[in-house]
Engineer: 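I am attaching a structure below and will ask some questions about it afterwards.
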Amino acid sequence: MPHIQVIQGSTRDGRFSDNVVDWVHQALKARDGVSVAVTDLRDHPLPFLDQGSPARSPRDYKSGEIAAFAQTVDRADGFIVLTPEYNHGYPAVLKNAIDHAFVEWNRKPIAFVGWGNVGGARAVEQLRAVAVELEMAPVRRSVHILPSVMLPIMKGERDAATALPQLDPQLDLLVDDLLWWADALAAARGRDAVAA
Ligand SMILES: Cc1cc2nc3c(=O)[nH]c(=O)nc-3n(C[C@H](O)[C@H](O)[C@H](O)COP(=O)(O)O)c2cc1C
């Protein structure tokens, strides 16, 4: 059974991501044979990276906090990252968390749900490039929450639970893709482990 981590990529007060996380979590829970967990970066108060590259010393954790985050990544077969866009990039807190692991990310699929003036598209494109360096498979499909959906929720004019489901078709396609890759790459990693 693939284990999918939903990573909430913003930590600031009043974050919009709190509106998104339940919607994505429920979409995964609705699938048969999928294990799902949410990782809130607020629960992983990591230092700004102050050690050597995790790529050079795999799973050599310098603190309990780093171990807790990296082992959460290690357990997963795939990821959906929820990301806002800050100054045309993705949040620094998300990059710092990503950089605290390496082999734990390798050869796993990753998909993105973004929001903002262009649906977080610039942040998502940057994250795709980062994912490739982490030897991941960023899936083609993504979900972009545009202002027409986002602003009424932010202003309290609409409830996220009723507004976000208009994007269910896009989210379903993203989940289909992610699960295909999660199964395929878990099998391939399993063969590697047997051969090792
Ligand atoms: C520091 C900062 C920079 C921002 N820059 C952008 C931006 O470049 N593009 C955009 O679409 N929205 C931008 N916004 C607006 C965010 O889309 C909006 O605040 C959103 O709620 C952020 O997600 P969050 O609440 O989960 O942190 C910015 C917000 C902040 C706090």
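Just follow the structure's listing: the first ligand is 1, and inside any ligand the first atom is 1. Sequential numbering from 1 along the given sequence is applied to the chain's residues.
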Engineer: Checking side-chain polar atoms at under 3.5 Å, does Asp60 have a donor or acceptor matched by the opposite partner on Gln51?
Structural biologist: no

Engineer: Is any NZ, NE, NH1 or NH2 atom of the basic residue among Asp77 and Arg107 found under 4.0 Å from an Asp or Glu carboxylate oxygen of the other?
Structural biologist: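 Answer for the salt bridge query: no.
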
Engineer: To the nearest 0.1 Å, how far is atom 14 (N) of ligand 1 from its closest protein heavy atom, and which atom is that?
Structural biologist: Glu85 O, 3.4 Å

Engineer: One thing to verify: whether Arg141 and Asp176 come together as a salt bridge, which I'm taking to mean a side-chain N less than 4.0 angstrom from a carboxylate O.
Structural biologist: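 No salt bridge links Asp176 with Arg141.
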
Engineer: So, are Arg128 and Glu125 salt-bridged, with charged N and O less than 4.0 Å apart?
Structural biologist: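 Salt bridge between Arg128 and Glu125, a charged N being under 4.0 Å from a carboxylate O: yes.
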
Engineer: In the protein, which heavy atom is nearest to atom 23 (O) of ligand 1, and how far is it?
Structural biologist: Trp115 NE1, 2.8 Å

Engineer: Tell me which one of Ile80, Leu167, Leu179 satisfies side-chain contact (heavy atoms from CB on, under 4.5 Å) with Leu174.
Structural biologist: Ile80

Engineer: Is any side-chain N of the basic residue among Arg15 and Asp18 closer than 4.0 Å to the acidic one's carboxylate O?
Structural biologist: yes

Engineer: Check each atom of ligand 1 against the heavy atoms of Gly116 and keep those under 4.0 Å away; list them by number with element.
Structural biologist: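 Within the 4.0 Å cut-off of Gly116, ligand 1 contributes 11 (O), 17 (O).
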
Engineer: Of all the atoms in ligand 1, which lie at a distance below 4.0 Å from a heavy atom belonging to Ser10?
Structural biologist: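 Listed by number with element, the hits are 24 (P), 26 (O), 27 (O).
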
Engineer: To the nearest 0.1 Å, how far is atom 11 (O) of ligand 1 from its closest protein heavy atom, and which atom is that?
Structural biologist: Asn117 N, 2.7 Å

Engineer: Please state which protein non-hydrogen atom is closest to atom 25 (O) of ligand 1 and give its distance, to 0.1 Å?
Structural biologist: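 Of the protein heavy atoms, Phe16 N, 2.6 Å lies nearest.
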
Engineer: Can a side-chain donor-acceptor contact be found between Ser17 and Ser10 if the only test is distance below 3.5 angstrom?
Structural biologist: yes

Engineer: Output yes when the distance from some N or O of ligand 1 to some N or O of Met150 is under 3.5 Å, and no in every other case.
Structural biologist: no

Engineer: Give, for atom CG of Leu127 and atom NZ of Lys95, the distance between the pair rounded to the nearest 0.5 Å.
Structural biologist: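 If we round to the nearest 0.5 Å, Leu127:CG and Lys95:NZ are 9.5 Å apart.
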
Engineer: Quick one: look up the protein heavy atom nearest atom 5 (N) of ligand 1 and list residue, atom name and how far away it is.
Structural biologist: Asn87 N, 2.8 Å

Engineer: Do Trp115 and Asn19 pair up side chain to side chain, a donor and an acceptor below 3.5 Å, judged on atom types alone?
Structural biologist: no

Engineer: With atoms numbered from 1 as shown, which atoms in ligand 1 lie under 4.0 angstrom from a non-hydrogen atom of Pro84?
Structural biologist: 22 (C), 23 (O), 27 (O)

Engineer: Can you confirm whether more than 12 heavy atoms, excluding those of Glu133, are under 6.0 Å from its CD atom?
Structural biologist: no

Engineer: Give the residue and atom name of whichever protein heavy atom lies nearest to atom 19 (O) of ligand 1, and the separation in Å to one decimal.
Structural biologist: Arg12 NH2, 3.2 Å

Engineer: Within a distance under 4.0 Å of any heavy atom of Ser17, pick out the atoms of ligand 1 and give their elements.
Structural biologist: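 By the 4.0 Å cutoff, the relevant atoms are 26 (O).
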
Engineer: Can you pull out the closest protein heavy atom to atom 27 (O) of ligand 1? Residue, atom name and distance to 0.1 Å, please.
Structural biologist: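 So the nearest neighbour among protein heavy atoms is Tyr86 OH, 2.5 Å.
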
Engineer: In terms of atom number and element, which parts of ligand 1 are under 4.0 angstrom from non-hydrogen atoms of Met154?
Structural biologist: 21 (O)

Engineer: Nearest protein heavy-atom contact for atom 8 (O) of ligand 1: which residue, which atom, what distance?
Structural biologist: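 Protein heavy atom at minimum distance: His88 N, 2.8 Å.
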
Engineer: Ligand 1 versus Arg15, non-hydrogen atoms closer than 4.0 Å: side chain, backbone, both, neither?
Structural biologist: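 Looking at Arg15 and ligand 1, atoms from backbone and side chain both fall under 4.0 Å.
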
